[in-house]
Structure formats: structure tokens, C-alpha cells
Student: 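My structure is below; once you've seen it, I'll send some questions.
Computed from a predicted model, the values in this text were never measured in an experiment.
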Amino acid sequence: MKIIISLILFVFYTINVVLSQTYPCPFYRSLSLTNPPMNGDDIYILQSLLTRTTGLENLALTSNFDQDTQMALAKFQSLNNAGTTSGTLDVNTANLILELNSEDGYVDNGQIPPGFLYKVHIPVYKNRSIETIATLYDANLNVLLKFPVRTHGQNDNETGLAENEFCEDGSTPTGLMTFDLNSPEPDPISFGPYPINRAVQGITGNAAIVISSIRDGILMHTGEWPNWTPSQPMPNSHGCVHGHPSDIDQVQTILSTQLNVAIRQNTYGAMPYTHQPQGILSIELID
């Protein structure tokens, strides 16, 4: 019995050591100054998050880990007692910058930019398991529909925790982004049989960092979810906004028949997006 207990404790200890040495998504490697410099989307995200630290607002977003980035990271480490001022992104610093700088501070201004035919506004909580109420507006900000949505992405396979907005399958990013009505996806089980709305380009907030150069395929859609009923929470997505089937159908009906929004031929995530977006999506954190 003592041997079995010892083995169990050893397994748990090993798991904890591995997890403590694992980079949190979207980071997956140590980042440091090299020649030639390291390059990648993870560096662009790091630079974007660093600019949210006082005194680092002017750091250039080059996607290259250059000397300016090393110096900025070293200052962040110093200001936040990261245990090092090396200017190298280690696991501890990666977790720290996500903890301190992930929130974009985006606040919806209650307006719709000129030239757009509709707007969808979605308030969200840090706990994305809490479903919230989205509002569909016309160009004059008349309320056309209110409906429940879910913006929870996938959970991390190792920790079981929700993946953050910078992960490939994480929660729907906050911020302001262009939005467009597309023809249905070819998989009605996963996306429903109705036209979907596609987030095209981030304008402000976290959306501006990741959509669509890093994360694409962020949609507002439903699904033919097995054994699901409207009284139950909707399933988690891979970063999309989930809505009830009847509501997603009603949204596309209102857009196409009342607001004369064209149903664009679905691009299936192909870049660059070839249509002029007709709407705006605004997602803001409210706690």
C-alpha cells in the first residue's frame, strides 16, 4: 500500500513539474535576443501586450524579437517583480504578462461607425461559462433583437481551464471588429443550416491583435447539437459566438429582409476577405 501511495504522489508531483514548465498559450517557447532575431505571431502578441505597460506604449510591433523588445520585456519584468530582468520570455514571465495585460480595456461607445448597416453588441464576463445577452442594432441604433449567446472557447487539455483569447481555439476576443453576413457553412451539425456572421478585421482591443491575421474563422452561428435543448447552456465553441438556432435564423432574416444586408458568398476563412463588411461586432468585458 505504501508503495502504491508513493507512486501516486510521484505521478502528481511529476505532472505539477511538467505543467509549471509549460508555456501558456499562445506562447510555446523561450523568446530571447538572437542573430538573426526570432520571428513569429507569438512575438507580435507579446509586443502588443507589452505596450499596455506604462512607459512601453511606443514599442514597435515588428513580430521580431529585437533589442527594443528585449529592453521592454526586461522593464516589464522589473516593474512586476518577475524574478528576473533578463529580457527573456520564460514560463513565469509568460504567465505574468497574460495575467496582468490580457484585458484590453475596450468599452463600447454606444455608436456605429458611418457606412455600416448593423451592429451586434455582446457584453461578456471573465468567466465565459456565463452566457450573456447580445443586442442587434440597425444603422440608427434601433434595437431589433436581443438573444442569448455563448463566447466560451475550448478548455486546455492539460489544465482543464478555459483557453484565453490569444489561443487558436480560445474564447471569442473582446474589442471592436468588422462583421459580415455569409452564406451557410457546409457542416450544419457544427454550424447550423443558416447564414452565419463572420468577424473580418479587428479594429480595437484584443480583436485588433488577433483578427484575422492570427485567428480567423471567428463566426456567429448555431449548430444542430446532439441532445441539446434551449433550456441548457450552449456547448463551447472554438472561439466563435454561439446562439440558439431560432435566434441565429432570426438574425439573418432581419438582416437580409429588413436591413437589405447582402448574404455574401461564404469565403470559408480564405484571406484576404474579398467582400466589403456590412456590420460591426462589439464585444466588451463588463466585470
Student: For the side-chain contact (heavy atoms from CB on, under 4.5 Å) test, which of Ile286, Leu285, Asp287, Ile130 pairs with Val124?
Tutor: Leu285

Student: Any disulfide bond (SG atoms under 2.5 Å apart) pairs touching residues 178-270, not counting sequence neighbours?
Tutor: none

Student: Once rounded to the nearest 0.5 Å, what's the spacing between atom OG1 of Thr84 and atom CD of Gln77?
Tutor: 5.0 Å

Student: If you define the side chain from C-beta out and look only at heavy atoms, does anything of Asn39 sit under 4.5 Å from Pro37?
Tutor: no

Student: Quick one: are Thr151 and Ser171 in side-chain contact, heavy atoms under 4.5 Å?
Tutor: no

Student: So Tyr44 and Pro26, do their side chains get closer than 4.5 Å, heavy atoms only?
Tutor: no

Student: Which residues pass the salt bridge (Lys or Arg N to Asp or Glu O under 4.0 Å) test with Asp42, not counting sequence neighbours?
Tutor: Arg29

Student: Could you list the residues that satisfy salt bridge (Lys or Arg N to Asp or Glu O under 4.0 Å) with Arg150, not counting sequence neighbours?
Tutor: Glu131

Student: Hey, could you give me each pair passing salt bridge (charged side-chain N to carboxylate O under 4.0 Å, His left out) that has a residue in residues 182-197? Not counting sequence neighbours.
Tutor: Glu185-Arg198

Student: Verify the cluster assignment for Leu73 and Leu98: are they in a single hydrophobic cluster under the rule of side-chain heavy atoms below 4.5 Å apart?
Tutor: yes

Student: In Å, rounded to the nearest 0.5 Å, how long is the span from CD1 of Ile45 to CG of Leu49?
Tutor: 7.5 Å

Student: If you group Ile, Leu, Val, Met, Phe, Trp and Tyr by side-chain heavy-atom gaps below 4.5 Å, do Val200 and Leu219 land in one group?
Tutor: no

Student: Taking side chain as C-beta onward, heavy atoms only, is Gln111 less than 4.5 Å from Tyr137?
Tutor: no

Student: Begin with the C-alpha distance, continue with both residues' side-chain angles, and end with the deciding distance and a verdict on side chain to side chain contact (heavy atoms under 4.5 Å, CB included) for Thr178 and Tyr273.
Tutor: CA-CA 11 Å; Thr178 56; Tyr273 188 73; over 6 Å; no

Student: Side chains of Ile254 and Tyr118: does their closest heavy-atom pair fall under 4.5 Å?
Tutor: no

Student: Output every pair passing salt bridge (charged side-chain N to carboxylate O under 4.0 Å, His left out) with a member in residues 274-286, not counting sequence neighbours, ordered by first then second residue.
Tutor: none

Student: Can you give me the closest heavy-atom contact between Ser237 and Gln154, atom names plus distance?
Tutor: O-NE2, 2.7 Å

Student: Does a side-chain heavy-atom distance below 4.5 Å link Ile203 with Ile280?
Tutor: yes

Student: Going by salt bridge (charged side-chain N to carboxylate O under 4.0 Å, His left out), name the pairs with one or both residues in residues 237-265, residues two or more places apart or in two chains.
Tutor: Asp180-Arg264

Student: Only pairs at least two apart or in different chains count here, so list each disulfide bond (SG atoms under 2.5 Å apart) that has a residue in residues 115-184.
Tutor: Cys25-Cys167

Student: Does His242 have any ring-ring contact (aromatic ring centres under 6.0 Å, His included) partners at least two apart in sequence or in another chain, and if so, which?
Tutor: His221, Trp225

Student: Does Leu281 belong to the same Ile/Leu/Val/Met/Phe/Trp/Tyr cluster as Leu136, with side-chain heavy atoms less than 4.5 Å apart forming each link?
Tutor: yes

Student: Tell me if a side-chain donor or acceptor on Asn95 pairs with a main-chain N or O of Pro24 at a distance below 3.5 Å.
Tutor: no

Student: Looking at every non-hydrogen atom in both residues, tell me the closest pair between Gln232 and Asn227 and how far apart they are.
Tutor: OE1-O, 3.3 Å

Student: Is there a side chain to side chain contact (heavy atoms under 4.5 Å, CB included) between Asn206 and Phe166? Walk through the geometry before answering.
Tutor: CA-CA 8 Å; Asn206 288 341; Phe166 306 102; 3.5 Å; yes

Student: So Asn260 and Leu117, side chain to side chain contact (heavy atoms under 4.5 Å, CB included) or not? Walk me through it.
Tutor: CA-CA 8 Å; Asn260 294 318; Leu117 299 178; 5.7 Å; no

Student: Can you tell if the side chain of Leu96 reaches within under 4.5 Å of the side chain of Phe76, non-hydrogen atoms only?
Tutor: yes

Student: Between NE2 of His275 and CG of Asn182, what distance do you get to the nearest 0.5 Å?
Tutor: 6.0 Å

Student: With Glu224, which residues qualify under side chain to side chain contact (heavy atoms under 4.5 Å, CB included), at least two apart?
Tutor: Pro188, Ile189, Pro193

Student: Any idea which heavy atoms bring Ala134 and Val120 closest together, and the distance?
Tutor: CB-CG1, 4.3 Å

Student: Roughly how far, to the nearest 0.5 Å, is the CG atom of Leu176 from the OG1 atom of Thr204?
Tutor: 4.5 Å

Student: Examine Ile196 and Ile211 and state if one hydrophobic cluster contains both, with Ile, Leu, Val, Met, Phe, Trp and Tyr joined whenever side-chain heavy atoms are less than 4.5 Å apart.
Tutor: no

Student: Could you go through Glu165 and Thr174, starting from their C-alpha distance and side-chain angles, then the distance that decides it, and tell me whether this counts as side chain to side chain donor-acceptor pair (under 3.5 Å)?
Tutor: CA-CA 8 Å; Glu165 300 174 31; Thr174 52; 3.2 Å; yes

Student: Strictly by disulfide bond (SG atoms under 2.5 Å apart), give each pair with a member in residues 53-162 just once, sequence neighbours left out.
Tutor: none

Student: Ser48 and side-chain contact (heavy atoms from CB on, under 4.5 Å): which single residue from Leu61, Ile43, Leu59 fits?
Tutor: Leu61

Student: Give the minimum heavy-atom separation between Ser212 and Asp216, together with the two atoms involved.
Tutor: O-CB, 4.0 Å

Student: Which pair of non-hydrogen atoms, one from Ile283 and one from Pro173, has the smallest distance, and what is that distance?
Tutor: CD1-O, 3.6 Å

Student: Report yes or no: do Ile218 and Phe116 belong to one cluster of Ile/Leu/Val/Met/Phe/Trp/Tyr joined by side chain heavy-atom distances under 4.5 Å?
Tutor: no

Student: Side chain to side chain contact (heavy atoms under 4.5 Å, CB included), that's the test. Do Leu56 and Thr51 meet it? Break it down for me.
Tutor: CA-CA 5 Å; Leu56 302 179; Thr51 63; 5.7 Å; no

Student: Sequence neighbours left out, cut at 3.5 Å: what donor-acceptor pairs do the side chains of residues 139-149 make with other protein atoms?
Tutor:
unit_1 : atom_1 : unit_2 : atom_2 : d
Asn142 : ND2    : Asp138 : OD1    : 3.4
Asn142 : ND2    : Asp138 : OD2    : 3.0
Lys146 : NZ     : Thr135 : OG1    : 3.1

Student: Going by salt bridge (charged side-chain N to carboxylate O under 4.0 Å, His left out), name the pairs with one or both residues in residues 101-111, residues two or more places apart or in two chains.
Tutor: Glu103-Lys126, Asp108-Lys119

Student: Nearest 0.5 Å, please: how far is CZ in Arg215 from CG in Asp169?
Tutor: 7.0 Å

Student: Return the minimal non-hydrogen interatomic distance between Val241 and Thr172, and the atom names on each side.
Tutor: CG2-CG2, 3.9 Å

Student: Does the side chain of Val251 come within less than 4.5 Å of Pro195's, by heavy atoms?
Tutor: no

Student: Working to the nearest 0.5 Å, report the span between CG of Asp156 and CG of Leu161.
Tutor: 7.0 Å

